[in-house]
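Down below is the structure, laid out as structure tokens.
These numbers were taken from a predicted model, which means no experiment stands behind them. Here is the naming used below: chain letters follow the sequence lines, and residue numbers restart at 1 for every chain. These values consider heavy atoms only, across backbone and side chains, with no hydrogens, waters or symmetry-generated copies.
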Protein chains: 2
Amino acid sequence: MNIRTLCLGILSLGDATGYEIKKTAEGPFSHFYRASFGSIYPALSRLTKEGLVLCTTTAQERRPPKKVYRITTAGRLAFVGDLTAPIEGDAVRSDFLMTMFFAHLLPAQHLARLLDHRVAVYREHVSRLHAAVTEAPTAGQRFVSGFGAAVYRAAADFLEDNRHLVEREALIGADARAAAGGASAARPALAEAGES
Amino acid sequence: MNIRTLCLGILSLGDATGYEIKKTAEGPFSHFYRASFGSIYPALSRLTKEGLVLCTTTAQERRPPKKVYRITTAGRLAFVGDLTAPIEGDAVRSDFLMTMFFAHLLPAQHLARLLDHRVAVYREHVSRLHAAVTEAPTAGQRFVSGFGAAVYRAAADFLEDNRHLVEREALIGADARAAAGGASAARPALAEAGES
DNA sequence: TTATCCATGTAAGAAGTTACATGATTGA
DNA sequence: TCAATCATGTAACTTCTTACATGGATAA
């Protein structure tokens with residue numbers, strides 16, 4: 001699964017332009033997929049060449065011609081093929097968790113700000129996704145939005161309930177510079193010969 | 001943050017070879033970061049060139065020479081710099097949720113198998129991460145493992161509690177081929193002229 | 001007057017994966 | 001006997017992002 005699959009999926013819901021596909025991707029797909037124009041437009045060109053979508057160009061005044069894409073029967077078949085292919089595990093990449101892992105290297109104030117902010121971000125996700133559940137037209141969409149809401153709620157709750165665990169061990173009255181230089185005090189003093 | 005940052009972080013915990021860095025990445029970092037040898041080895045070369053790590057080569061019999069890396073003071077400083085730089089939002093990519101979004105296109109049996117499997121996968125994550133919490137040496141590590149456990153538990157619970165929402169609308173007694181071809185019945189019958 | 005919406009597309013580059021190349025040792 | 005562990009590294013490739021190029025209309 002890739003951006004081409006995403007485009008096919010969105011077009012399976014109705015005809016759309018590249019621009020509209022981008023907007024849709026930023027809506028009900030945004031918590032588990034993302035796509036930029038730089039990947040969507042080439043994907044649509046290729047899908048057209050392969051006969052999986054059709055393109056209708058409409059001239060516009062003082063604007064680039066509008067191109068409305070429609071999925072073909074071959075496209076629907078290919079999409080279901082993508083959907084039934086072996087699924088890869090969720091790929092998660094979190095700079096936030098990376099930072100929390102090394103909380104002991106950071107000043108307490110900085111850590112507190114990060115946690116406050118992250119809780120707020122997760123709560124926003126929850127309310128947005130919660131609203132999406134009631135508004136969504138299909139069961140699948142309600143399901144994935146509900147999933148996102150449940151997960152982000154759990155994340156926010158965990159942060160609020162457990163932040164003291166990292167905040168207690170954070171650096172107090174010391175800045176990041178001292179943490180970096182003074183780390184050898186926390187470990188057996190290994191000689192760092194060869195370092196100028 | 002990238003693989004270089006990950007290498008610096010792991011080396012900030014103690015000296016290691018590229019191979020050991022990979023193993024560590026597969027352990028307590030695996031639920032929010034991943035790295036292959038093909039990205040780790042070049043990262044270590046570059047870090048060495050930049051003076052952020054030191055490399056000690058030891059010849060071995062009938063094996064490639066072992067290279068043990070040690071972070072330098074400049075490396076620790078750079079790492080804390082990475083840690084305090086503006087954090088990017090969590091990047092999640094889930095082919096599973098993509099599939100559930102379009103559950104109405106899939107046969108009920110297939111959907112049931114997917115859900116069974118995903119619940120099992122999430123439960124495994126939970127028990128692995130739960131164990132990691134008690135064994136972890138630092139507060140940061142306990143925190144991120146606990147976070148992972150809480151989130152995966154919420155995910156598994158959601159699936160069990162809500163899977164009926166998608167399973168009820170799944171295709172019954174029809175295969176994927178029919179779904180792909182017959183989709184126009186669910187939408188206003190738009191002529192697909194031009195499609196051979 | 002400033003930002004956002006509309007609307008397309010390309011080119012350069014970042015970042016990482018997969019596969020290849022090599023091969024002994026050890027445990028099941 | 002089969003798979004995993006140890007151990008490094010490169011090259012080709014995929015995939016996607018960012019920045020650029022263009023620019024009127026509209027709402028705050």
Taken to the nearest whole Å, CZ/A:R46 to C1'/D:dT15 is 11 Å
In whole angstrom, give the distance that lies between atom CD of A:E26 and atom C1' of C:dT4.
-> 13 Å
Base, sugar-phosphate, or nothing for A:S45, non-hydrogen atoms under 4.0 angstrom?
-> nothing
Take atom CG of A:L44 and atom P of C:dA7, then tell me their distance rounded to the nearest Å.
-> 15 Å
Between P of C:dT8 and OH of A:Y41, the distance in whole Å | 4 Å
Do the side-chain N or O atoms of A:S39 get closer than 4.0 angstrom to the phosphate oxygens (OP1, OP2) of D:dC16?
-> no
Where the side chain of B:N2 is defined as all heavy atoms beyond and including C-beta, which of C:dG16, C:dA7, C:dT17 is the nearest nucleotide?
-> C:dG16
Nearest-Å distance for atom pair OH/C1', residues A:Y19 and D:dT22 = 15 Å
Do side-chain atoms of A:T72 reach the backbone of A:L52 as a donor and acceptor pair under 3.5 angstrom?
-> yes
Output yes when a side-chain donor or acceptor of B:S39 lies under 3.5 Å from a complementary backbone atom of B:A35, and no otherwise.
-> no
Measure the acute angle between the ring planes of A:F37 and A:Y41, then classify it against the limits of 30° and 60° as parallel, tilted or perpendicular.
-> parallel
Ring pair (Phe, Tyr, Trp, His ring centres under 6.0 Å) pairs touching residues 50-71 of chain A, sequence neighbours excluded, are none
NZ of A:K22 versus P of C:dC6: gap in Å, rounded?
-> 12 Å
Counting only side-chain N and O atoms of B:K23, is one of them less than 4.0 Å from OP1 or OP2 of D:dT5?
-> no
Protein-nucleotide distance (A:E88, atom CD; C:dT18, atom P), rounded to Å | 8 Å
Is A:R93 near enough to C:dG16 that one of its side-chain N or O atoms lies under 4.0 angstrom from OP1 or OP2?
-> yes
Using a heavy-atom cut-off of under 4.0 Å over every strand shown, decide if B:G18 touches base, sugar-phosphate, or nothing.
-> sugar-phosphate
Take B:G38 and B:E20, find for each the nucleotide of DNA chain D with the closest heavy atom, and name the residue whose nucleotide sits nearer the 5' end.
-> B:E20
What integer distance in Å separates A:F37:CZ from D:dC20:P?
-> 17 Å
Roughly how far apart are B:R118 CZ and B:S94 OG, rounded to 0.5 Å?
-> 6.5 Å
Among D:dC16, D:dT17, C:dG16, which is the nearest nucleotide to the side chain of A:R34?
-> D:dT17
